[in-house]
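Inspection log for the structure reproduced underneath, given as structure tokens.
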Protein chains: 2
Amino acid sequence: MQKTGQPTINDVARIAGVSKKTVSRVINKSPLLNGDTRLRVETVIADIGYIPNPQARALALRRNYLVGLVHDNPNAQTVMNVQRGMLEGLQGTEFELVVRPLNRGAQSMLSDLRYFLERQRLFGVLLMPPISENESIVQLCREIGCRYVRMCSVSLDDDAHMVASNDREAVRGAVAYLIEQGHRRIGLIAGPQGFRSATERRAGFEDALREAGLPLQRSLIAGGDYTFESGLVAAERLLDLTPRPTAIFSSSDTMAAGVMHAARARGLDIPRDLSIIGFDDTPVAAHVWPPLTTVRWPTVSMGRSAALKLISGVGEEEELVEEPSLFISTLIRRGSVAPPID
Amino acid sequence: MQKTGQPTINDVARIAGVSKKTVSRVINKSPLLNGDTRLRVETVIADIGYIPNPQARALALRRNYLVGLVHDNPNAQTVMNVQRGMLEGLQGTEFELVVRPLNRGAQSMLSDLRYFLERQRLFGVLLMPPISENESIVQLCREIGCRYVRMCSVSLDDDAHMVASNDREAVRGAVAYLIEQGHRRIGLIAGPQGFRSATERRAGFEDALREAGLPLQRSLIAGGDYTFESGLVAAERLLDLTPRPTAIFSSSDTMAAGVMHAARARGLDIPRDLSIIGFDDTPVAAHVWPPLTTVRWPTVSMGRSAALKLISGVGEEEELVEEPSLFISTLIRRGSVAPPID
DNA sequence: TTGTAGGCGTTATCAA
DNA sequence: TTGATAACGCCTACAA
């Protein structure tokens, strides 16, 4: 045993009376191995508490047992949820999670990421939206041989590289619920341009109107950028309309909170005078008054599945469980929706 | 150059006509080096774009260029803020951030952490509250030679190992503000037992009352665990009191949101009938109605400073900027406080 | 089925 | 001030 106290492959080999390579084979579950030998080595490993050194493996394999989460922080809670899901998926494996925020706006974004991936020789990365939509980033991953899974509001890639939510259908359902309640003048606060999630959610909104035979009025659509302030401003514009919309679908909870403030500032009661539905189900949704009806997408599950996809085929022994690629969102009905009064 | 395309130290040595060790000395800024040689080597390094391989260094040095964030996820936003701060501090260095959540309740917590730290040979870790208060964890770090910085609501260690907020004083100030507004019956919703932050905030609350010569009534203190539900329940108990408190200080924003719901359920208007102050300044504070007056602690700055402390003395060249150890919180005045009406 | 030799890219030792 | 040589702990190729 070394002075560091950590037993190495040499210690195992010596004690078990075999060569290093044999130990290596045991560790890596090589199929061509005598059962006896394997058992003997495994016993020694368990006995002295040997753990393979990840740094040495990384050097020899030219590949690190590190999985990355690359994101652009649109929403802290969402990032944390995905992170938690990934950690669940990585639980019990030899992989660790490395988090890497990126600045979407920066010129150097691509080179930053390349530097990071090449240097650390990540095993794989989960690309969160909206950067998962950037094809040159995906191209980079392919180029340098880094596994990747993309997370997005719609499928953009094959199943092995994708965890997608069904934003369009989810929003369609949410708006259909509003229509069911009797609403006919429904406003939309859309997400920022260039975000696939914004496009999908808007499409879902339009789907619902079309299905119900309701006209699509441009004036009832306002743009936002997922922030509270943008929701506030957009809502002010919509609430200035005559006749006023009786309901608003906001493409994010945070913007929905802005809508609530705008409504309150005009003395409108929610949901009596205005119904609101948000998207995300972040903590704020449950904590505002009235509690916000919203669309919840399974961020934790998506993170977990993505992690499992990233490392699939590594442990060999682990069943090749088919991880899903499409994740269904659900409408969480709380107190911000009621039938219109007029 | 290897087939991988990444130039190695050997390439540099060959081209510069020196030995590997000399290149190594240049990389590591060894002082005993001829200026000419250094310049020549540096030129070659820049020319061919050589980047030292972190895995190889980790193996040779028995130490990884990885910094960990160990937390127990009390609050997603707080964790994200700290994480962001750390990444700012690590920006431009060779260090990467690894995130590691821990389950405070689990029996295996300590062994989980040991396994993680020993295996990955982390350079250092930032311990977030409340696990930063666990002395056996700190002991573990010392034992295995992993640098650490503790983040807490009060100083628990020497400056090199500490970033502390001044919760007690901050809460004292917040409650003093309530008293200034004319409140005399002020309720406290305390944090969970065993959390240092809970103790500190409570102490600050008591300080303020004492200073103002107000009696400390046990009945005006309710316990919570930082969750929304616990805040709701605690507030219900306080609001059942006769006479009712005219103000409540809640030890977290999330609990404060619960207080708001409880107040609303009784038809109380905030801040007319009840003033509320929270703690954390999470997004929910700004988004509830009325916007919550709260205490903001500089989580991002604390993360940044902690990261800088962790890696201080590594780059050699970088100035040994004295990073602060005490961080001052500020009272963010919004709309949830008004003078009492009775 | 198992072992030997050599390499992964870096740093440490010690001599020149 | 520099350089040869040997770690660091593991894996691949090839041989036995």
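Letters A, B, ... mirror the listed sequences (proteins, then strands); counts begin at 1.
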Expected list for residues 20-27 of chain A: side-chain donor-acceptor pairs under 3.5 angstrom, two or more places apart:
{"from": "Thr22(A)", "atom 1": "OG1", "to": "Ser19(A)", "atom 2": "OG", "distance (Å)": "3.2"}
{"from": "Ser24(A)", "atom 1": "OG", "to": "Asn28(A)", "atom 2": "ND2", "distance (Å)": "3.4"}

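Each of Leu61(A) and Ala60(B) was matched to the nucleotide of DNA chain D holding its nearest heavy atom; the match closer to the 5' end belongs to Ala60(B).
Out of dG9(D), dT13(C), dT11(C), the shortest distance to the side chain of Arg25(B) is found at dT13(C). When the nucleotides dC10(D), dT1(D), dT11(C) are ranked by their closest atom to the side chain of Asn34(B), dT1(D) comes out on top.
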side-chain contact (heavy atoms from CB on, under 4.5 Å) between Val125(A) and Leu69(A), intermediate numbers included: CA-CA 6 Å; Val125(A) 285; Leu69(A) 169 58; over 6 Å; no
Check against side-chain contact (heavy atoms from CB on, under 4.5 Å), Asn134(A) and Arg104(A): CA-CA 10 Å; Asn134(A) 185 324; Arg104(A) 189 174 53 254; over 6 Å; no
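Of all non-hydrogen atoms in Met86(A) and Gly303(A), the two that sit nearest each other are CG-O, 3.4 Å.
In the helix from dT1(C)-dA16(D) to dA16(C)-dT1(D), the end axes, each obtained as the rotation axis mapping the C1' atoms of four pairs onto the next four within a five-pair block, lie 30° apart to the nearest 10 degrees.
If you check residues 16-24 of chain A against DNA chain C, the residues with a heavy atom closer than 4.0 Å are Val18(A), Ser19(A), Lys21(A), Thr22(A), listed by number.
Regarding contacts with the backbone of dC11(D), a side-chain N or O of Arg57(A) is found under 4.0 angstrom from either OP1 or OP2. Taking only side-chain nitrogens and oxygens, Tyr65(A) never comes nearer than 4.0 Å to OP1 or OP2 of dC10(D). Residue Thr37(A) has a polar side-chain atom (N or O) positioned under 4.0 Å from OP1 or OP2 of dT2(C). One finds a side-chain N or O of Asn28(B) lying less than 4.0 angstrom from the OP1 or OP2 phosphate oxygen of dT11(C).
Sorted by first then second residue, the ring-ring contact (aromatic ring centres under 6.0 Å, His included) pairs that include residues 97-153 of chain B, not counting sequence neighbours, are Phe95(B)-Phe123(B), Tyr148(B)-His161(B). Note on residues 42-61 of chain B: pairs passing salt bridge (Lys or Arg N to Asp or Glu O under 4.0 Å), not counting sequence neighbours, are Arg57(B)-Glu94(B).
Ion pairing of Arg150(B) with Glu135(B) is present here, as a side-chain N (NZ or NE/NH1/NH2) and a carboxylate O approach within less than 4.0 Å.
Among the protein residues, Leu33(B) comes within range of the sugar-phosphate backbone only, with heavy atoms under 4.0 Å from sugar or phosphate atoms but none that close to a base.
In this structure, Leu59(A) places its CG atom 18 Å from P of dG6(C), rounding to the nearest Å. Gln55(A) has its CD atom 14 Å from the C1' atom of dG9(C), to the nearest Å. Between the C1' atom of dC11(D) and the CD1 atom of Ile9(A) lies a distance of 8 Å, rounded to the nearest Å. Whole-Å rounding puts the Arg119(A) CZ to dC8(C) P distance at 20 Å.
For Arg62(A) against dG7(C), no side-chain N or O and base N or O form a donor-acceptor pair under 3.5 Å.
The ring pair (Phe, Tyr, Trp, His ring centres under 6.0 Å) check on Phe195(B) picks up Tyr226(B), with sequence neighbours excluded.
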